[in-house]
Undergrad: 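Attaching a single structure in structure tokens format; questions to follow.
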Amino acid sequence: MSSAVTENEEERPNMREVLVFGGAGFIGCNLSLALTQRGFFVVVCDNLMRPGVETNLSLLRNQGQGHIAFRHCDVRDSFLVSEIVRSHS
């Protein structure tokens, strides 16, 4: 599985960064939006396998104040998770 980086990750201002695994789900989406509203840059990691997550991801992109990046990732892939965590440390 790839870990494609999308919008804004290379362009982020000097902000505190948070990784949210499962960030396109109901709870993760709401958490991510709340974090952007509090001045964090949020990297949403999700495998996009559940119904409705594409809608949530679109909401994040539209309302995330440009402070959202997306990484396609399955948390069961420990190598990829380690790589993502290491690259955002």
Side-chain angles (χ1 to χ4, degrees):
M1 179 172 291
S2 74
S3 66
V5 177
T6 59
E7 75 278 337
N8 301 325
E9 191 164 351
E10 288 80 23
E11 303 170 6
R12 69 180 168 264
N14 189 17
M15 303 174 74
R16 293 180 293 171
E17 186 175 272
V18 177
L19 297 173
V20 178
F21 288 89
F26 177 76
I27 294 171
C29 178
N30 285 287
L31 173 62
S32 296
L33 284 175
L35 288 167
T36 62
Q37 292 167 355
R38 287 169 177 77
F40 290 89
F41 184 88
V42 179
V43 179
V44 172
C45 303
D46 203 291
N47 65 1
L48 304 177
M49 297 299 292
R50 294 178 117 347
V53 293
E54 294 86 5
T55 302
N56 291 345
L57 191 55
S58 178
L59 174 78
L60 286 170
R61 288 176 173 149
N62 292 330
Q63 295 185 12
Q65 305 171 17
H67 302 154
I68 296 281
F70 174 73
R71 300 283 305 256
H72 191 261
C73 171
D74 191 319
V75 295
R76 297 172 292 183
D77 184 341
S78 60
F79 178 78
L80 183 55
V81 168
S82 294
E83 179 184 300
I84 290 170
V85 170
R86 195 171 28 257
S87 71
H88 292 281
S89 295

Undergrad: Between atom CG of Leu19 and atom OG of Ser32, what is the distance when rounded to the nearest 0.5 Å?
TA: 10.0 Å
Undergrad: Closest approach of Gly39 and Met15, non-hydrogen atoms and distance?
TA: O-CE, 3.0 Å
Undergrad: Rounded to the nearest 0.5 Å, how far does SG of Cys73 lie from CG of Leu48?
TA: 10.5 Å
Undergrad: Under 4.5 Å between side-chain heavy atoms, hopping through other hydrophobics if needed: is there a path connecting Phe41 to Val85?
TA: yes
Undergrad: Kindly work out whether a path of hydrophobic side-chain contacts (I/L/V/M/F/W/Y, heavy atoms less than 4.5 Å apart) joins Val53 to Phe26.
TA: no
Undergrad: Do any N or O atoms from the side chain of Asp46 and from the backbone of Ala24 form a donor-acceptor pair under 3.5 angstrom?
TA: yes
Undergrad: For Phe40 and Val20, run side chain to side chain contact (heavy atoms under 4.5 Å, CB included): C-alpha distance rounded to whole Å, both residues' side-chain angles, the deciding distance at 0.1 Å, then the answer.
TA: CA-CA 11 Å; Phe40 290 89; Val20 178; over 6 Å; no
Undergrad: Applying side chain to side chain contact (heavy atoms under 4.5 Å, CB included), run through His88 and Cys45 and close with a yes or a no.
TA: CA-CA 12 Å; His88 292 281; Cys45 303; over 6 Å; no
Undergrad: Do the non-hydrogen side-chain atoms of Leu59 and Leu33 ever get within less than 4.5 Å of each other?
TA: yes
Undergrad: Considering non-hydrogen atoms only, spot the tightest contact between His67 and Thr36 and give its length.
TA: O-CG2, 3.7 Å
Undergrad: Between CG of Leu60 and CG of Asn30, what distance do you get to the nearest 0.5 Å?
TA: 8.5 Å
Undergrad: Roughly how far, to the nearest 0.5 Å, is the NE2 atom of His72 from the CD1 atom of Ile84?
TA: 10.5 Å
Undergrad: If you round to the nearest 0.5 Å, how far is CD1 of Ile27 from CG of Asn56?
TA: 11.5 Å
Undergrad: As an exercise, state the distance from OG of Ser78 to CD of Glu83, rounded to the nearest 0.5 Å.
TA: 11.5 Å
